[in-house]
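Report on the structure given below.
Keep in mind that the numbers below use all heavy atoms, side chains included, and drop hydrogens, waters and symmetry copies. None of the values given here were measured: they were computed from a predicted structure.
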Amino acid sequence: HESQASDTDLKLLVGLYSNMKPPQAAAVLGRLDPPQAAEILQRLDTHEAGPILAAMDPSAALAITKVLATRRVAFRH
């Protein structure tokens with residue numbers, strides 16, 4: 001199934017980013033589409049995601065934060 005494959009890929013990416021130093025992860029994640037970057041950050045622990053967001057270009061961090069905020073609202077329903 002495609003969704004299962006993409007979920008496996010996502011877990012692999014999350015593992016890779018969690019093992020990078022925050023500035024390195026921020027440099028790569030900041031270049032992804034905000035929804036893709038948000039998907040990865042959402043799966044990291046907050047103590048990993050926070051430093052990555054902090055090391056990112058402010059405009060990229062803002063775009064990703066907006067995506068995360070709208071997803072949080074959607075999850076409450």
### Query
CD of Glu39 to CG of Leu44: how many Å apart, nearest 0.5 Å?
11.0 Å
### Message
Looking at Asp7 and Arg43, is any side-chain nitrogen of the basic one under 4.0 Å from a carboxylate oxygen of the acidic one?
### Response
yes
### Message
So Leu41 and Tyr17, do their side chains get closer than 4.5 Å, heavy atoms only?
### Response
no
### Query
Are the side chain of Asp45 and the backbone N or O of His47 linked by a donor-acceptor pair below 3.5 Å?
no
## Note on the structure
Closest heavy-atom pair, Ala63 versus Pro34, reported as atoms and distance to 0.1 Å, is CB-CG, 3.7 Å
### Query
Between Ile64 and Leu68, is any pair of side-chain heavy atoms under 4.5 Å apart?
yes
### Query
Quick one: are Lys11 and Thr8 in side-chain contact, heavy atoms under 4.5 Å?
no
#### Entry: Shortest non-hydrogen contact from Pro35 toward Val67
CA-CG1, 4.0 Å
#### Entry: Heavy-atom side-chain contact between Leu53 and Leu29 under 4.5 Å
no
### Query
Minimum heavy-atom separation for Ile40 to Val14, with atom names?
O-CG2, 3.9 Å
